[in-house]
Amino acid sequence: MSTTTIRATVRYFAAARAAAGAEAEQVELPTDGTVEDLLATIRDRHGPELARVLERCTFLLDEVAVRNRSTPLPDQATLDVLPPFAGG
């Protein structure tokens, strides 16, 4: 029996956490889901405020920086959403 979906955990930091209203959430996607598919799903869930934040974010997929949003998602992946940080 083959699985038709995968699960991923999205962890939000700083402004992304505020815009999503959550520290983390589980997302279910088709087995051929990509980072961009996951981002589209969370944009739809959380609306324009999170969409604006996502435009400036960088992403870590299982602790590795992702630049290509067509990267396939493995089952049980973790995507960290990292807005630009300011500090001194």
Side-chain angles (χ1 to χ4, degrees):
M1 181 172 171
S2 65
T3 303
T4 59
T5 61
I6 59 170
R7 285 183 175 247
T9 300
V10 181
R11 297 189 305 187
Y12 299 103
F13 295 87
R17 179 182 293 168
E23 289 185 24
E25 68 180 308
Q26 293 286 314
V27 178
E28 199 167 286
L29 295 164
T31 55
D32 62 349
T34 64
V35 170
E36 183 55 43
D37 295 331
L38 179 55
L39 295 174
T41 299
I42 62 175
R43 277 188 213 103
D44 289 346
R45 281 188 186 177
H46 298 287
E49 185 177 349
L50 181 61
R52 281 190 296 277
V53 172
L54 291 175
E55 290 174 9
R56 300 184 310 270
C57 288
T58 57
F59 307 97
L60 298 179
L61 179 60
D62 293 332
E63 300 182 11
V64 176
V66 173
R67 290 182 183 26
N68 182 351
R69 293 186 179 189
S70 64
T71 299
L73 290 170
D75 192 29
Q76 303 302 317
T78 298
L79 185 76
D80 293 327
V81 180
L82 306 167
F85 292 93

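Excluded from the calculations below are hydrogen atoms, water molecules and symmetry mates; all remaining heavy atoms, backbone and side chain alike, are included.
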Practice problem: Could you walk me through whether R7 and D75 pass the side chain to side chain contact (heavy atoms under 4.5 Å, CB included) test, one step at a time? | Solution: CA-CA 6 Å; R7 285 183 175 247; D75 192 29; 4.1 Å; yes
Quiz item: Step by step, would you call V81 with F59 a side chain to side chain contact (heavy atoms under 4.5 Å, CB included)?
Solution: CA-CA 5 Å; V81 180; F59 307 97; 4.0 Å; yes
Roughly how far, to the nearest 0.5 Å, is the [atom2] atom of [Y] from the [atom1] atom of [X]?
{"X": "I42", "Y": "L50", "atom1": "CD1", "atom2": "CG", "result": "5.5 Å"}
{"X": "T9", "Y": "L79", "atom1": "OG1", "atom2": "CG", "result": "10.0 Å"}
{"X": "T5", "Y": "D32", "atom1": "OG1", "atom2": "CG", "result": "11.5 Å"}
{"X": "R69", "Y": "L61", "atom1": "CZ", "atom2": "CG", "result": "12.5 Å"}
{"X": "T71", "Y": "L38", "atom1": "OG1", "atom2": "CG", "result": "11.5 Å"}

Quiz item: Between D37, L39, V10, which is the residue that forms a side chain to side chain contact (heavy atoms under 4.5 Å, CB included) with V27?
Solution: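 Of the listed options, the one satisfying the test is V10.
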Practice problem: In plain terms, say whether R43 and E36 are close enough for a salt bridge, that is, a side-chain N and a carboxylate O under 4.0 Å apart. | Solution: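 Salt bridge: yes.
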Quiz item: Does a sphere of radius 6.0 Å around CD in E63 hold more than 12 heavy atoms from other residues, nucleotides or ligands, not counting ones at 6.0 Å or beyond?
Solution: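 No, the 6.0 Å shell around CD holds no more than 12 heavy atoms from other groups.
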Quiz prompt | E23, CD: over 12 other non-hydrogen atoms inside 6.0 angstrom | solution =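 Open.
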Quiz item: Passes side chain to side chain contact (heavy atoms under 4.5 Å, CB included), Y12 versus V53? Steps please.
Solution: CA-CA 11 Å; Y12 299 103; V53 172; over 6 Å; no
